[in-house]
*Asks:* 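Take this structure, written in structure tokens, and hold onto it; I'll ask about it next.
All values below come from the heavy atoms of this structure, side chains included, with hydrogens, waters and symmetry mates left out. Just so we're clear, the structure is a prediction, and the values are computed from it rather than from any experiment. Protein chains get the first letters and strands the later ones, always in sequence-line order, with residue 1 at the start of each.
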Protein chains: 2
Amino acid sequence: MARGKDNALDAGDKVGTICRALRRAIIEQALEPGAKLPEDTLGERFGVSRTIARHALGQLAAEGLIELRRNRIAVVATPSWQEARDAFDVRIEMERLVVRQLAGRLSRAQLAELEAHVDLEDAARDGPDAVSIRLATEFHVLLAQMTNSPILIRYVSELAYRCCLTLSLYSRPHSSECAINEHRLVIAALAAGDTDRVMELMGHHLESVASRALVGPGKPHGLDLMGVLAPYAAEARDAVPARRVGRPRLRTG
Amino acid sequence: MARGKDNALDAGDKVGTICRALRRAIIEQALEPGAKLPEDTLGERFGVSRTIARHALGQLAAEGLIELRRNRIAVVATPSWQEARDAFDVRIEMERLVVRQLAGRLSRAQLAELEAHVDLEDAARDGPDAVSIRLATEFHVLLAQMTNSPILIRYVSELAYRCCLTLSLYSRPHSSECAINEHRLVIAALAAGDTDRVMELMGHHLESVASRALVGPGKPHGLDLMGVLAPYAAEARDAVPARRVGRPRLRTG
DNA sequence: CGATAGGCAATTGCATGCACTTTTCCGGGC
DNA sequence: GCCCGGAAAAGTGCATGCAATTGCCTATCG
């Protein structure tokens, strides 16, 4: 192995690791839309070179999570209201497809897994918003994964993340109460194998989430970009062995 | 710019240029599934360094057009039959969404553009298969573009390309006759603003295309990889100024 | 004759360096 | 006081070099 002696948790997929960390930071709203992501700062944070950071940014840009303009610093995407609405429309259709494929076809174990996840969401209700938002999103991703269709999984995940982003721009604080109940209803209908009903439920559920994103021109933001990233980098590999970490510059997106 | 002094046609977006060229080579089946794409050979062909070629491969992999495994040469994707079926299922849903949004909302000019495209398909009927396949695919992409929804555009394009790939693996030679007629029917229904009918038509059309991909375990293939790529590279920039082009190695996927 | 281990060529993984572009900051003019 | 212009700083675009891995080819052994 190279000199760096990475700990084995990172199975060599540095780019993937960075992507996952950034995605998570974004859906937990630690990185708000518009936040700047300079290649070299990112590289320092994760203990890799700009080349790798750049590659990761490329992937995230392909997913629509960040915006990449030539010769400009990458920023977390700031979807327009119209784009947000489009994303939700497509997402609704895709997730209806997911539950259509799943209705009546889930094993007892899978249903239990879903229930367990919703229990988790329930438990996190009093915790920080960031966590409950992430969990709510992951419920939908979990459903998609049960289809075993790589394409569906990828698209639903992407759309879910983008919609998360949207919510952080246009929606009010977040109240997950009813969302959690709706998740339970969906599980019940899936178990019952009631295809039409589960599609309806999912459609309504997503529509109601989307409708929370109706008004509000979005808040301006300013935050300590790289400081906020630290825990995500730390989680990715256990410590950042970056060779020469001076105090990271403060950026205020 | 560096020493290379590219001609101005390439607006600096080298990665995008390579992606487009490769995508096109793939959908025209000049690059068959399984064909190898070594970074440096690619770089030589397009007159860029491995860094850029690598980045392009990363993007294409994100789109599912090629497969990228660690420490291994990138290859054009070889979707399993199941993946292919999934892709078609999702695609059908997405394109129904497209025409739903479009029905009755197209301008006269847009309808004319669609007709013109189908005329092109018609004219290409006697030409090489590669061209008529590409045109058929582009009809669907064109429709998607008219929605002005970046997400829809991206997903439909991706899916259309992937399905193309599929056809080259599992389908018989290609007879575009009826497909062209179906395209015309779709246009007519769009113009009439008959939402339900156009969704039905599009669904049937895609289903019938998919059904052509039912049997056949796929043909083995062998081809002169980089030789076949030359025209695509040439089209991308007018000539390849690569510094030291020895005879490119022949690879036989 | 077939299977196998070892070595070499091909290829990827990644960091670094240099050129170019954009942004920022500062001083002078209006 | 505000706007403009120019230079320094920050950042990206890209090529190249080196280490590590893989894959192939061959010589050797059963």
*Asks:* I need the CD1-P distance between Ile73(A) and dA9(D), as an integer number of Å.
*Replies:*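 Roughly 17 Å, once rounded to whole Å.
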
*Asks:* Among dT16(D), dA15(C), dG11(D), which nucleotide sits nearest the side chain of Thr51(A)?
*Replies:*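 Ranking dT16(D), dA15(C), dG11(D) by closest atom to the Thr51(A) side chain puts dA15(C) first.
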
*Asks:* Between dG11(D) atom P and Leu68(A) atom CG, what is the distance in whole Å?
*Replies:*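 Taking atom P of dG11(D) as the reference, CG of Leu68(A) is at 15 Å.
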
*Asks:* Glu63(A): what forms a salt bridge (Lys or Arg N to Asp or Glu O under 4.0 Å) with it, not counting sequence neighbours?
*Replies:*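 Glu63(A) satisfies salt bridge (Lys or Arg N to Asp or Glu O under 4.0 Å) with Arg23(A) once adjacent residues are dropped.
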
*Asks:* Please tell me which of the listed nucleotides, dC14(C), dT12(C), dA15(D), lies nearest to the side chain of Asp40(B)?
*Replies:*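 Between dC14(C), dT12(C), dA15(D), the one nearest the side chain of Asp40(B) would be dT12(C).
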
*Asks:* Could you check how far CD of Glu39(B) sits from P of dC14(D), rounded to whole Å?
*Replies:*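 Answer to the nearest Å: 16 Å.
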
*Asks:* Taking the side chain of Ile52(B) as heavy atoms from C-beta outward, which of dC14(C), dT12(C), dC14(D) is closest to it?
*Replies:* dC14(D)

*Asks:* List the residues meeting side-chain contact (heavy atoms from CB on, under 4.5 Å) with Arg50(A), not counting sequence neighbours, and say none if there are none.
*Replies:*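 Expected list: Glu39(A), Asp40(A).
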
*Asks:* Without decimals, in angstroms, what is the distance between His55(B) NE2 and dG13(C) P?
*Replies:* 14 Å

*Asks:* Once side-chain hydrogen bond (donor to acceptor under 3.5 Å, both in side chains) is applied, do any residues pair with Asp89(B), and if so which ones, sequence neighbours excluded?
*Replies:*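 In terms of side-chain hydrogen bond (donor to acceptor under 3.5 Å, both in side chains), with neighbours along the sequence ignored, Asp89(B) is linked to Arg85(B).
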
*Asks:* Please determine if Arg154(A) and Glu158(A) form a salt bridge, counting it only when a charged side-chain N lies under 4.0 Å from a carboxylate O.
*Replies:* yes

*Asks:* In whole angstroms, how far is the P atom of dA15(D) from the CZ atom of Phe46(B)?
*Replies:*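 So the CZ-P distance, Phe46(B) to dA15(D), works out to 14 Å.
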
*Asks:* Using the test side-chain hydrogen bond (donor to acceptor under 3.5 Å, both in side chains), find all partners of Ser149(A) that sit at least two apart in sequence or belong to another chain.
*Replies:* Asp86(B)

*Asks:* Could a donor-acceptor pair under 3.5 angstrom be found where the side chain of Arg50(B) meets the base of dG13(C)?
*Replies:* yes

*Asks:* Find the distance Lys14(B):NZ to dA19(C):C1' and express it as a whole number of Å.
*Replies:*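 Whole-Å distance recorded here is 12 Å.
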
*Asks:* Output a table of nitrogen or oxygen pairs between the protein and nucleotides 23-25 of chain D separated by less than 3.5 Å.
*Replies:*
{"from": "dG23(D)", "atom 1": "OP1", "to": "Arg72(B)", "atom 2": "NE", "distance (Å)": "2.5"}
{"from": "dG23(D)", "atom 1": "OP1", "to": "Arg72(B)", "atom 2": "NH2", "distance (Å)": "3.4"}

*Asks:* From CG of Asp13(B) over to C1' of dG13(D), roughly how many Å is that when rounded to an integer?
*Replies:* 12 Å

*Asks:* May I have all residue pairs that pass salt bridge (Lys or Arg N to Asp or Glu O under 4.0 Å) and include part of residues 135-145 of chain A, sequence neighbours excluded?
*Replies:* Arg134(A)-Glu138(A)

*Asks:* How many whole angstroms separate atom CD of Glu44(A) from atom C1' of dG11(D)?
*Replies:*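 After rounding, the reported distance stands at 13 Å.
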
*Asks:* Counting distance only, does the side-chain N/O of Thr41(A) pair as donor-acceptor with the main-chain N or O of Leu37(A) below 3.5 Å?
*Replies:*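 No: the side chain of Thr41(A) does not pair with the backbone of Leu37(A).
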
